[in-house]
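Just follow the structure's listing: the first ligand is 1, and inside any ligand the first atom is 1. We count residues from 1, following the sequence as given. Predicted model, so just to flag it, every value in this text is computed and none were measured.
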Amino acid sequence: MSEIPLKEHIAPSGETMTVRDLASCPPPERWHDWMEYDAQAWPRKVERHYEIIPTICFNCEAACGLLAYVDKDNGRVKKLEGNPYHPGSRGRNCAKGPATINQVNDPERILYPLKRAGKRGEGKWERTTWDEVLDTFAAKIRAAIVEGRRDEVMYHVGRPGHDGYMERVLGAWGVDGHNSHTNVCSSSARFGYHIWCGMDRPSPDHANARFILLISSHLETGHYFNPQAQRIIEGKMKGAKLAVMDPRLSNTASMADYWLPTWPGSETAVLLAMARVILAEGLYNREFVRRWVNWQEFLAAEHPQEPQTFEHFIEALLDLYAQYTPAFAAQESGLAAEGIVDIARQIGHAGSAFAAHTWRAATAGNLGGWQVSRALWFLSVLTGSIGTPGGTAPNAWNKFVPAPFLKPSPGEVWNELLFPPEYPLANYEMSILLPYFLREGRGKLAAYFTRVYNPVWTNPDGTAWIEMLTNEQQIELHAALTPVWSETAWYADYVLPMGVASERHDLMSQETHAARWIGFRQPVLRVYQERHGHPVQYTYEANPGEVWEEDEFWIELSWRIDPDGSLGIRKYFESPYHPGEKLSILEYYRWIFENSVPGLPEAAAKERLTPLEYMQKYGAFEVAQEQAPVFQLHERALKPADLEQAQVDEQNGLVKRNGAAIGVLIDGKAYEGFPTPSRKLEFYSATLKDWGWPEYSVPGVTTSHVHPSHIDHTRGEYLLIPTFRLPTLIHTRSGNAKWLYEISNANPVWIHPVDAERIGVQTGDLLRVTTEIGHYVNRAWVTEGIRPGIVACSHHFGRWRLETSSGVDRWASALVELKRAEDGAWRMRHREGVLPFESDDPDSARIFWREGGVHQNLTFPVHPDPISGMHCWHQKVTVTPAREGDRYGDVFVDTTRAYEVYQKWLAMTRPQPERADGLRRPLWMIRPYRPATSAFKR
Ligand code: SF4
């Protein structure tokens, strides 16, 4: 095979992989007819011919490229492998990518739209038609819109899998109805980044780093799992050192040069101690900090009587962080003080090539978890490694979201079920509190969509979700849009089957590395049929059964909500090529590829393809850095045209036009800066001060709810880490991937040998883990891979179903009995574990795993952080040997107590109802669906 640099095909970033590196991958010239011998026919040489069609994995948010091999003999997808022409994943996938084929062929999958035939949750279903579904929801939504109940339509998403499509739909409808899963996932980490720089995710350039610090399990399971993992290893192979802060010896920590098993919640103290070393030893990037940190604002606000000089700012910092000595951090974290100093120095010496990332982990576990990402970004700021080669950029600099045609104007409605007055700064919607808000009579929902979202199983206090979903006064109509059965779908009115990775259109971009790219997910059998002369109107005609895709569903629904266009909705779903006609999904993407992706039309023309054909052929495109630069974008000078009619605020250097800041003057030159109020990096946050949290105006420590002072080991108390992922599983969607369950199929409680001995248990023994609101019974796994005093349990398992042969997939779920007592207590007991079953797939009769895991999240109350809104997952628990009568999988939940814990955490908030500016939320802070400025006012 010739050694053609990959970049000649699609990757202008100059990465060094060649086709020889990818010798097992067919070259695109042969994707229309690729021959492989049939392995099952061996030793005979039987040829099989495939057409290879790219798509994008849908099993985590990393959006890796996949190639679907469509068997030309039967028109079915045979397998899915990596797409080397995808700039993020470069042909590599984790186990979950190829396992997509299990999801396609799962004998348990939902193939037709279903409507409930009994009471909600009773488990009686009948097949219905897409027409009936569309008409029912269109009537309900239209009535809500016409009657001015625009806060009664809610779309609640777990895995979006797209960039901005739904925000456009909801904007067109004029409803403030976007809800997400983000406050069980990342809103705290996001808040820490956002308060610094106005963008809420990090994008490390691991491949070019000299030192990498991870507070998560990135190699193994974090964002962005496979694309970042391969670049971390690349960086290491070039000499970078890797440190991993994680109390659990994850696969990632096992690959690190330094494993830092901090006590959860102490990470911020360690990071601030490192910052202090860097400051005290003069290892910081003086020019970067002087130019880009809002130190003048800090001194003016907090030290107005002192010299307003940069030198004095550094003195003030040393003073401010004097208490964060290595010895103090060592005491808080359990690490060695010398190790903290050593790593701080290495970070300082790495300078602009210091890459850092935190996601979930400490940020998702602790009260004040956002202080962890804030302190980590502080290190990036001090080293001047913001957006540098080998450094860490804000996500928006390494992501490309092309604009669609005709953007709806922002709506005028503010939905307090999403952003209630108690949480004006919440980074994302207060999703986990929806059941309590509805119970308190704060509103109701006329139409509720859950999309690839399973709150009954995923969220804390899942029984509160069952109670909400079965209450027809609170939720009038509920559709679960899902590729797989889930505990939540069981309580819906309609279960609407949506496609897996090879059965749907989506456009995605992720901040996987220092580049910008788009990836095109497509229904490969539809593409195959269309290429072979069989026109397809709706994707469900080509997919298995009548499995559809959301994109087309929303277009159809929008037309039925506004059939004559009088509500002003229909126009957003009319073809940009054939005015007045219904938009087809291919026209939607065709317009984007033709008009919004720099360089794509030219690249396509070189191959005599249209931009759409190019994307259908390769499945991904990297935008050249000349057209979409990725490094140090804050340094972009404002253009003369920008400066026309702009004014400079003498006091703070802000360059404003029409009252809005568009840049900042630094050393006499006007730069774009960051999207913050100061246009600089906000070490000092006037926002936090003005909105009721003056003690947090600068990076500092928030004492976690699981701080050691709250945990008494002598009484059998432990800290439970319930957040960690396994590399082979997703949340709900891996329930129908048999290979993945064959690899991992239990979630025992990790416990250190010292603790195991103390309570007298061995690996395999049953434990009772008691939380604030209940308990669960699970097996012990005794391991030195966890710190003493801490136990850990992966959240991936414990799937359950209520009927023998329907509900959650039998590959993954136990059959349980779930009962609510008069006093509101819920009890779950396994009736039988995972058992072999007969189906079209002979493997289902070969299932060897039995117990299926324990659903621990049911026993957790909500812990909403009063600032970021994030659910703080870590739990104080007692761990004892199981009691007499306890059985594996038992769960008990006291809902009265759960409501009390919610109220306790709600009381920690500081609502700001009487603000002079009348705002509900700072105008500069982002919202996933952003209504009009007028809606921000009460
Ligand atoms: S990391 Fe794995 S699950 Fe995530 S997109 Fe890539 S292949 Fe799919």
Keeping to distances under 2.8 Å, can you name the protein N/O/S atoms close to atom 4 (Fe) of ligand 1?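 Those protein N, O or S atoms (cut-off: under 2.8 Å from atom 4 (Fe) of ligand 1) are Cys60 SG.
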Sequence neighbours left out, what passes salt bridge (Lys or Arg N to Asp or Glu O under 4.0 Å) with Arg801? Give chain and number order.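 Testing Arg801 for salt bridge (Lys or Arg N to Asp or Glu O under 4.0 Å), a comparison that skips the adjacent residues, returns none.
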With sequence neighbours excluded, residues passing side-chain contact (heavy atoms from CB on, under 4.5 Å) with Ser431: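 Only His156, Asn179, Asn183, Tyr453 meet the side-chain contact (heavy atoms from CB on, under 4.5 Å) criterion with Ser431.
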What orientation do Trp377 and Tyr193 show, parallel under 30°, tilted 30 to 60°, or perpendicular over 60°?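 The rings of Trp377 and Tyr193 stand perpendicular, inter-plane angle above 60°.
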For Asp163, which of Lys399, Arg521, Arg168 qualifies under salt bridge (charged side-chain N to carboxylate O under 4.0 Å, His left out)?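 Only match with Asp163 under salt bridge (charged side-chain N to carboxylate O under 4.0 Å, His left out): Lys399.
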Does anything in residues 728-737 pair up under salt bridge (charged side-chain N to carboxylate O under 4.0 Å, His left out), and if so which pairs, sequence neighbours excluded?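 The answer is none; no pair qualifies.
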Could you point out which residue of Asp809, Asn454, Val834 forms a side-chain contact (heavy atoms from CB on, under 4.5 Å) with Arg799?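 Output: one option passes, namely Asn454.
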